[in-house]
Number of protein chains: 2
Amino acid sequence: MTDVVQDRKAGRPRLTDVAEIAGVSMKTVSNVINGYQHVAPRTRERVLAAVEEVGYRPNLSARNLARGRSGVIALVVPQLEMPYFSALAGRVIERAEARGWFVLIHETGGVLAAERAALEGSFPQRIDGLIVSARRLSVDDLQVRKDHTPLVLLGEHGYGEAAHHVAIDNVAAARTAVDHLLGLGCRRVAMIGGDPDDTGDPRMRGYVEALEHAGIGVDRNLMRRITTNSGEEGERATRDLLAQAAEPPDGVFAVTDWVALGAIRALHLAGLHVPGDVAVVGFDDIPYGRAVTPSLTTISPDRTAIAELALGMLEAQLSGGTLADPVDQNVPFHLVVRESTAGIGSAPGESQEPVA
Amino acid sequence: MTDVVQDRKAGRPRLTDVAEIAGVSMKTVSNVINGYQHVAPRTRERVLAAVEEVGYRPNLSARNLARGRSGVIALVVPQLEMPYFSALAGRVIERAEARGWFVLIHETGGVLAAERAALEGSFPQRIDGLIVSARRLSVDDLQVRKDHTPLVLLGEHGYGEAAHHVAIDNVAAARTAVDHLLGLGCRRVAMIGGDPDDTGDPRMRGYVEALEHAGIGVDRNLMRRITTNSGEEGERATRDLLAQAAEPPDGVFAVTDWVALGAIRALHLAGLHVPGDVAVVGFDDIPYGRAVTPSLTTISPDRTAIAELALGMLEAQLSGGTLADPVDQNVPFHLVVRESTAGIGSAPGESQEPVA
DNA sequence: CTGAAAGCGCTTACAG
DNA sequence: CTGAAAGCGCTTACAG
C-alpha cells in the first residue's frame with residue numbers, strides 16, 4: 001500500500017492522467033493506444049501528445065487482467081545453455097517484446113515427461129501461448145493433448161496435421177551440406193547421427209538424396225547412430241566408424257555442430273587432419289564453431305525468422321480464434337563455409353564472433 | 001450452491017471459489033496462500049484442501065495490480081548467446097520462479113549506452129528489480145543514477161559502496177588458476193587479457209599474487225591486453241606474444257574460456273602442443289570447454305549461488321524498504337582440471353556434457 | 001483470528 | 001466518433 005501511495009506521489013502516469021490532459025475519456029485514450037480505427041485524427045494527435053508529455057506506459061498487469069490474459073508466453077527448450085537455444089531465445093524475446101509479451105523460458109532437459117507436462121500447461125502461472133522445441137514429443141502426444149493454449153512447435157521434426165510447426169527445410173539443408181562435401185571432391189562421405197532405418201529423419205534423407213543425385217551409393221558402414229546430440233557421442237560414433245571401416249571417410253556430415261566437434265576430436269586422435277584428410281560439416285551454426293580450430297563449416301538457420309513466424313502464428317491463434325488447420329512453415333537457412341572444409345586460414349571474412 | 005460452483009467450472013478457479021468451498025472469506029484464503037502467520041491450523045488445512053481440490057493458481061496480473069508491482073525483474077546481460085550468460089540466465093529464471101517472478105532478459109551487446117539505459121529503467125514495462133551483468137558500467141554511472149528500482153550487479157568488477165554486488169572472489173580464483181599452472185611446474189606463465197597497468201583488475205592481481213608468492217618475478221612481456229573477451233582477440237594476443245617473446249611461455253592463464261580457446265588456436269598454429277609444451281587455463285566453465293580438443297581446464301563459478309543470492313538481495317530491498325548499505329557478496333568457485341593442463345585422455349571423469 | 005469492502009489501472013460492451 | 005460505468009481477480013487497511 002505504501003508502495004502504491006509513493007507511486008502516486010512519484011506520479012507514475014495512468015490512463016486517466018493522459019485522458020485528463022488530452023481532454024478526452026479513458027476509452028478514447030485506450031482506443032488510440034491500442035491502435036483502433038475510427039479515432040478522429042485530431043483527437044489522436046492530442047492523445048499522443050499527452051502520452052508523450054507525461055511519459056505514459058500502460059500497466060500491463062491491469063491490461064492483462066482486464067483482457068483476461070496473462071501477457072506471458074512460454075518458450076520451452078531442452079536446455080537454455082545450449083547455444084542454439086539461447087540464440088533462439090534471444091530472438092524470441094526480442095520479437096515478443098514488440099508485442100508486449102513476456103517470455104517465460106522453461107527447460108525440459110529433453111526429457112519426454114517434462115515435454116508432455118509443458119504441453120498440458122503445467123506452469124506456475126497462466127500462459128497465453130506456447131512455443132515448444134521438443135526432442136522426444138510424438139504426434140501421439142499432441143493428439144491426446146487436453147489443454148487448448150495456442151501452440152507452435154519448432155525443431156527438426158514436423159508433426160503433420162497435429163500441430164503448427166516452424167523450421168528450416170531440413171532435407172534441403174542436409175542435402176546442401178552434403179553437396180558441399182561432394183563438390184569438394186569427397187567420395188566417401190560419412191554421416192554421424194543419422195539413423196539409416198528411420199526414413200522419417202529429414203537430415204538423413206537429405207544425405208541420401210545428395211549421394212544418390214551424385215550417383216554415389218549409400219554405404220551403411222559410413223553411417224553411425226548416436227543416442228544424444230553431444231560431443232561425446234559424436235566422438236564415440238566417429239571412433240567406432242574409424243575402427244570398423246575398411247578405409248576412412250574423406251568427408252563427414254554431422255547432424256549438429258556439437259556432434260561435429262566430437263567427430264573432429266576423434267579424427268584428430270586417429271591422426272587424421274581436418275580438412276586435409278577429412279572435411280567436416282556441422283549443423284546449427286553455434287558460436288563455438290567460430291572459435292575452435294579448425295573453425296566449423298555449418299548450416300545456419302535463420303533464427304530471427306523462426307522467432308517472428310512462431311510468434312505470428314501464436315498471435316493468429318489468439319486473435320483469429322479460428323482453429324485453422326495446422327500449418328507447417330519453412331524459414332531460410334544458408335551454408336557457412338569455414339576451415340573444417342575449406343582449410344586453415346581460408347575464411348578470413350568469417351568474423352562475426354559474439355562481443356563478449 | 002453446488003450449481004454456482006459448477007457454473008464457475010467454465011473458467012479458471014478464482015480466490016472466491018476457494019473461499020466458498022472452504023467456507024471462509026477471501027481474506028483468509030489470501031492469508032493462507034501468502035503464508036501469513038496467525039491462521040488457525042484447522043482453517044489453513046481446509047483452505048489448502050480447497051486449493052488442491054479446484055487446482056487453484058493465483059492470477060498474477062491481479063495480484064500484481066493489487067500490490068502495485070509488476071512481478072517482473074529484468075536480467076541484463078551483454079549477450080544471451082554467450083554460454084556463460086545463458087547458463088546464468090537459466091539459474092536466475094529457476095530461482096525467480098520460486099518467488100513468483102518473471103525474468104525479462106535484456107541484451108546490451110556490452111555497449112555502455114545500453115547498460116546505462118537499463119540502469120534508468122528504460123524497459124517497455126515497469127519492473128520490480130534489476131540484475132545487471134555489466135561490462136562497461138563504472139561507479140560514476142551508478143552514482144548519478146536517478147531511478148530507484150532495486151538493483152544488484154554481477155560480474156568481475158565490484159562497485160564499492162555504489163551498489164549491491166554478487167560475484168566470486170576473482171582475485172582468489174585467478175590465483176587458484178595460476179597456482180595450478182605453477183604446481184604443474186610451469187615457470188613462464190603468460191596472462192592473456194590482463195592489463196598490467198590496471199591495478200583494479202582482480203584477475204590480474206590474482207595472477208601477480210600467485211607469481212610473487214612462488215618467488216617468480218612478473219614479466220611484462222608475458223602479459224597481453226585484449227580489447228574484447230573473444231576467441232579472436234585471444235588468438236591475436238597470443239600470436240603477438242609468441243612473435244615477440246624471446247622464449248615461449250610454458251603456461252597460459254586466459255581471462256575467459258573464449259580467450260583461452262583462441263590462445264590454444266594460436267599455440268597450435270605456432271606448432272606448440274597443449275598441454276605438452278604449454279598448459280592452458282581458462283575462466284568461466286562454458287560448455288564448449290568440455291567439447292573441444294584439448295578440453296579446457298577452467299575456473300567454474302557457482303552460478304546457482306550467484307542467482308539465489310542476487311534474487312535474495314533484490315527481495316530484501318523490495319520488502320525491507322531500508323536502503324541498507326550496499327553489500328558485496330562472494331560465492332564459491334572451483335578449479336576444473338581437464339586436458340589443457342592434464343593431458344589428452346587424462347580426465348575421463350569429466351563428462352557432464354549438456355544433454356542435447 | 002476473520003470478514004466486508006474499497007481499490008489497483010486497465011478494457012469493453014452498451015449507449016449516445 | 002466518444003463517454004460513463006461495470007468488471008477483471010487479487011490485496012489490504014479497517015473493523016470486529
Side-chain angles (χ1 to χ4, degrees), chain A residues 1-20 22-47 50-51 54-72 100 124-126 128 318-319, chain B residues 8 10-20 22-47 50-51 54-72 100 124-126 128 318-319:
Chain A
M1 190 60 179
T2 315
D3 283 333
V4 174
V5 172
Q6 284 181 342
D7 221 44
R8 277 282 192 69
K9 269 190 185 168
R12 184 163 210 95
R14 294 156 307 160
L15 198 54
T16 23
D17 301 325
V18 175
E20 196 173 334
V24 298
S25 75
M26 285 173 66
K27 173 78 204 295
T28 302
V29 178
S30 180
N31 282 163
V32 171
I33 285 170
N34 291 297
Y36 291 144
Q37 314 296 334
H38 310 307
V39 177
R42 203 169 287 173
T43 311
R44 176 191 305 281
E45 266 175 39
R46 251 189 314 156
V47 170
V51 165
V54 299
Y56 173 73
R57 280 180 296 179
N59 178 320
L60 294 186
S61 293
R63 169 181 289 175
N64 290 322
L65 177 59
R67 283 188 180 162
R69 298 222 175 130
S70 66
V72 176
Q125 41 256 318
R126 192 179 168 194
D128 295 336
L318 273 168
S319 60
Chain B
R8 296 299 186 201
R12 268 168 206 276
R14 295 157 306 162
L15 198 56
T16 24
D17 301 325
V18 175
E20 197 172 333
V24 298
S25 74
M26 286 173 67
K27 173 74 203 295
T28 301
V29 177
S30 180
N31 283 162
V32 170
I33 285 170
N34 292 295
Y36 292 144
Q37 312 299 333
H38 311 304
V39 178
R42 202 169 286 173
T43 311
R44 175 190 307 279
E45 265 175 40
R46 253 189 313 156
V47 170
V51 164
V54 297
Y56 172 72
R57 280 178 297 176
N59 177 321
L60 294 188
S61 293
R63 168 181 289 176
N64 289 321
L65 178 59
R67 283 187 181 164
R69 299 226 175 127
S70 65
V72 176
Q125 43 255 319
R126 191 179 169 195
D128 296 337
L318 273 167
S319 60

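Chain A is the first sequence line, chain B the second, and so forth, proteins listed ahead of strands; every chain is numbered from 1. Predicted model, so just to flag it, every value in this text is computed and none were measured.
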Using whole Å, what does the distance between atom [atom2] of nucleotide [N] and atom [atom1] of [X] come to?
X	N	atom1	atom2	value
B:Glu20	C:dG3	CD	P	13 Å
A:Leu60	C:dG9	CG	P	13 Å
B:Arg69	D:dG9	CZ	P	22 Å
B:Arg42	C:dT2	CZ	P	11 Å

*Taking the side chain of A:Arg63 as its heavy atoms from C-beta onward, which of C:dC1, C:dC10, D:dG3 lies nearest to it?*
C:dC10
*D:dT2, C:dT11, D:dT12: which one has an atom nearest the side-chain heavy atoms of A:Ser25?*
D:dT2
*side chain to side chain donor-acceptor pair (under 3.5 Å): which pairs involve residues 60-70 of chain A, sequence neighbours left out?*
A:Asn34-A:Arg67, A:Ser70-A:Asp128
*Taking atom C1' in both D:dT12 and D:dG16, compute the distance separating them and give it to the nearest angstrom.*
16 Å
If you define the side chain from C-beta out and look only at heavy atoms, does anything of [X] sit under 4.5 Å from [Y]?
X	Y	value
B:Tyr56	B:Asp17	no
B:Met26	B:Thr16	yes
B:Arg12	A:Arg126	yes

Could you list all N or O pairs between the protein and nucleotides 5-8 of chain D that sit under 3.5 Å apart?
| residue | atom | partner | partner atom | Å |
| --- | --- | --- | --- | --- |
| D:dC8 | O2 | A:Ala66 | N | 3.4 |

*Between A:Leu15 and B:Pro41, who's closer to the 5' end of DNA chain C by nearest nucleotide?*
B:Pro41
*At what distance, to the nearest 0.5 angstrom, does CG of A:Leu65 lie from CG of A:Asn59?*
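It comes to 9.5 Å.
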*asked:* Could you measure the distance from the CD atom of A:Glu20 to the CZ atom of A:Arg14? Nearest 0.5 Å is fine.
replied: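 Going from the CD atom of A:Glu20 to the CZ atom of A:Arg14 covers 9.0 Å.
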*Does A:Ala66 have any side-chain contact (heavy atoms from CB on, under 4.5 Å) partners at least two apart in sequence or in another chain, and if so, which?*
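With sequence neighbours excluded, A:Ala66 shows a side-chain contact (heavy atoms from CB on, under 4.5 Å) to no residue whatsoever.
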_Pairing residues for B:Val24 by the side-chain contact (heavy atoms from CB on, under 4.5 Å) criterion, not counting sequence neighbours_ =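 If we apply the side-chain contact (heavy atoms from CB on, under 4.5 Å) test to B:Val24, skipping adjacent residues, the hits are B:Ala22, B:Thr28, B:Val29, B:Thr43, B:Arg46, B:Val47.
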If only side-chain N and O atoms of [X] are considered, is one of them under 4.0 Å from the OP1 or OP2 phosphate oxygen of [N]?
X	N	result
B:Thr28	C:dG3	yes
B:Thr43	C:dT2	yes
B:Asn31	C:dC1	no

*asked:* Under 4.0 Å, heavy atoms only, any strand: does A:Asn64 hit a base, just the sugar-phosphate, or nothing?
replied: nothing
_Take N1-N3 plus N6-O4 or O6-N4 for Watson-Crick, N1-O2 plus O6-N3 for G-U, both under 3.5 Å. Which runs of 3 or more such pairs involve DNA chain D?_
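Result, WC/G-U stems under 3.5 Å: C:1-3 with D:14-16, C:5-12 with D:5-12, C:14-16 with D:1-3.
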